[in-house]
Amino acid sequence: MPVLLKDNIETADMPTTAGSLALVDNAPGRDAPLVARLREAGAVILGKTNLSEWANIRSSNSISGWSAVGGQTRNPYDPERTPCGSSAGSAVAVAIGLAPAAIGTETNGSIVCPASVNGVVGFKPTVGLVSRTHIIPISHSQDTAGPITTTVEDAAIIMTVIAGTDPLDPATIEADARKVDYRAALDPNSLQGARIGVMRFLLSNYSAETRAVFEQNLQALRDAGAELVEIAEGPDLRAIGTASRLVLMTELKVDLNAYLASTDPQQVPTRTLADLIAFNAAEPRETVLFGQELFLLAEATKGLDDPAYIEARASSFRMAGPEGIDRMMADNQVVALIAPTTSRAWTNDPTDDDRSQGSSSSLAAVAGYPHLTVPMGFDRGMPVGISFIGGKWDDARILSLGHAYEQKTRARRAP
């Protein structure tokens, strides 16, 4: 199987840049463990895909799919609209048939959003199921790699290969015990009798067209035998977002400094986040479209021993996980949660009022739980996906439910 890799995942035979000119010569000559697993299974690594520079963490005004190294990735359904990000190139490459599979990474939405708006399948696994070693980091609390494919079955095949324990990534200590053959676990009848929670409290944020498509697909789920349970209230997403932001900023500085220290000084003269900030300030090609205010915020953080960070990490995880996804599933006796992934792709013009509308990614991202998006239809001619979210280590069940839904609806239409 030919496989493409997001350009923040190291390979022994290609540079790994995160889209930044500061890393254009970064070639440590090593395979990330997930790449080694793919090669051992017989996959052919075709190349690297463009991404939102630094995986969308340099600026809150960043342009999805743009990097100084790769330029602007475009949505194949309408080149004037966003490919979303940060795994933009991975999703577009699969959508237009350059490869049957690509690997993306997600901290919050960076697999599922581009997969949704480019009409493909994207799976963010449980954090700790796939090694993050030799992947340019944002946050050890939320980062994970995962597959982007045209079918859930292909995503399951990839997951079976890349899941597993890595001694260099302590988050994966349980992975060998938790992983299964995800393809063998797919059951086209898994929706029959399954109780699934509809996250109504999210729906007001989506476009009217996406809401209408979602309602149609709820009936398709019922026709497949699912019992749908309406969930009117959810956790405080604003509070979760505020706490998670401090976590990401603090961990970005610590984790990125550690990554840069592992690179070759001859190839990467920028050795710290502070060096990167200085590099960007002196390099007009980096800041032609947006700045680096998130880098500046991260540089001002106080480290992993900061009491404010420790509290934010504990509270964000508690609100999103045990008091969020876990509580909703337990209280409503459901095996999964669903919502639209996002609305139609917005335009690349930052002054346009057709902006990003609705997202289901934050709860699973902050909790570190599995999140699958599968094509469900179109919003003004642009693809949109439906999200299946579960509890920690529920990866096989979520893939199976998404597979059953996909077999029932077959909503994907290539660009």
Original post:
Looking at L337, D331, I338, V198, which hits side-chain contact (heavy atoms from CB on, under 4.5 Å) with I231?
Top reply: L337
Original post:
Any side-chain donor paired with an acceptor under 3.5 Å for D7 and T17?
Top reply: yes
Subject >> Shortest non-hydrogen contact between M382 and A345, atoms and distance >> reply: CE-CB, 4.0 Å
Original post:
Looking only at atom types and distance, does a side-chain atom of E251 sit under 3.5 Å from a main-chain N or O of S141, one as donor and one as acceptor?
Top reply: yes
**OP:** Indicate yes or no: at least one non-hydrogen side-chain atom of E286 is less than 4.5 angstrom from one of Q292.
**Re:** no
Original post:
Measuring from T160:OG1 to D395:CG, what's the distance to the nearest 0.5 Å?
Top reply: 10.5 Å
Original post:
Counting only heavy atoms not in R412, do more than 12 fall under 6.0 Å of its CZ?
Top reply: yes
**OP:** Could you tell me whether the side chains of Q357 and T210 share a donor-acceptor contact shorter than 3.5 Å?
**Re:** no
Original post:
Any side-chain heavy atom of M1 sitting closer than 4.5 Å to one from P100?
Top reply: yes
**OP:** State the CG-CG distance between L252 and L294, to the nearest 0.5 angstrom.
**Re:** 8.5 Å
**OP:** Please identify each residue that fulfils side-chain hydrogen bond (donor to acceptor under 3.5 Å, both in side chains) with D143, with sequence neighbours left out.
**Re:** T107
Original post:
How long is the gap from CG on L296 to CD on E299, to the nearest 0.5 Å?
Top reply: 8.5 Å
**OP:** Mark yes or no for whether R132, through its side chain, and P137, through its backbone, hold a donor-acceptor pair below 3.5 Å.
**Re:** no
Original post:
What do you reckon, is CD of Q219 surrounded by more than 12 foreign heavy atoms closer than 6.0 Å?
Top reply: yes
Original post:
If you look at every heavy atom in A364 and H371, which pair is closest and at what distance?
Top reply: CB-CB, 3.9 Å
**OP:** Examine the side chains of Y259 and N26 and answer whether a donor and an acceptor come within less than 3.5 Å of each other.
**Re:** yes
Original post:
Is the closest side-chain donor-acceptor distance between D166 and T172 under 3.5 Å?
Top reply: no
**OP:** Could you tell me whether the side chain of P383 reaches within less than 4.5 Å of the side chain of Y77, counting heavy atoms only?
**Re:** yes
Original post:
Any idea which heavy atoms bring A145 and I103 closest together, and the distance?
Top reply: CB-CG2, 4.0 Å
Original post:
Going by distance alone, is a donor N or O of one side chain under 3.5 Å from an acceptor N or O of the other, for K253 and T301?
Top reply: no
Original post:
So, for I96 and P415, which heavy atoms are closest and what is the spacing to 0.1 Å?
Top reply: CG2-CG, 4.3 Å
Original post:
Is atom CG of L46 surrounded by more than 12 heavy atoms (other residues, nucleotides or ligands) closer than 6.0 Å?
Top reply: yes
Original post:
If you look only at pairs with a residue in residues 208-218, which of them pass as a salt bridge (charged side-chain N to carboxylate O under 4.0 Å, His left out), with sequence neighbours excluded?
Top reply: R200-E215, E209-R344, E209-R380
Original post:
Do S60 and E293 get their side chains close enough for a donor-acceptor pair, meaning under 3.5 Å?
Top reply: yes
Subject >> Check: S315 side chain, E311 main-chain N or O, donor-acceptor pair, under 3.5 Å >> reply: yes
Subject >> Basic-acidic side-chain contact under 4.0 Å: E106, K124 >> reply: no
**OP:** Indicate whether any N or O donor in one side chain lies under 3.5 Å from an N or O acceptor in the other, for K6 and S90.
**Re:** no
Original post:
Would a 4.5 Å heavy-atom cut-off, applied to side chains only, mark S359 and N205 as touching?
Top reply: no
**OP:** Tell me, with the steps shown, if Y405 and F388 meet ring pair (Phe, Tyr, Trp, His ring centres under 6.0 Å).
**Re:** CA-CA 10 Å; Y405 163 81; F388 293 81; 5.7 Å; yes
Original post:
When you check the side-chain N and O atoms of S361 and N108, is any donor under 3.5 Å from an acceptor?
Top reply: yes
Subject >> Donor-acceptor pair, side chain of T126 and main chain of L129, under 3.5 angstrom >> reply: no
Original post:
Is there a donor-acceptor contact under 3.5 Å linking the side chains of T341 and S387?
Top reply: yes
Original post:
Between D13 and R39, is a salt bridge (charged side-chain N to carboxylate O under 4.0 Å, His left out) present by the stated rule, with each step listed?
Top reply: CA-CA 12 Å; D13 49 2; R39 292 196 203 273; 3.4 Å; yes
Original post:
Are T105 and N8 close enough that a side-chain donor and a side-chain acceptor fall under 3.5 Å?
Top reply: yes
**OP:** Determine whether the side chains of D379 and S343 contain a donor N or O and an acceptor N or O closer than 3.5 Å.
**Re:** no
Subject >> R245 atom CZ, neighbour heavy-atom count above 12 within 6.0 Å >> reply: no
**OP:** Work out which heavy atom in D31 is nearest to a heavy atom in T11; give both atom names and the distance.
**Re:** OD1-CA, 3.3 Å
Subject >> Residue pairs involving residues 85-146 (criterion disulfide bond (SG atoms under 2.5 Å apart); sequence neighbours excluded) >> reply: C84-C113
Original post:
Between P147 and I111, which heavy-atom pair has the shortest distance, and what is it?
Top reply: O-CG2, 4.3 Å
Original post:
Is the side chain of T347 donor-acceptor paired with the backbone N or O of R81 at a distance under 3.5 Å, no angle test?
Top reply: no
Subject >> Of S87, S64, S86, S52, the residue whose pairing with P114 passes side-chain contact (heavy atoms from CB on, under 4.5 Å) >> reply: S87
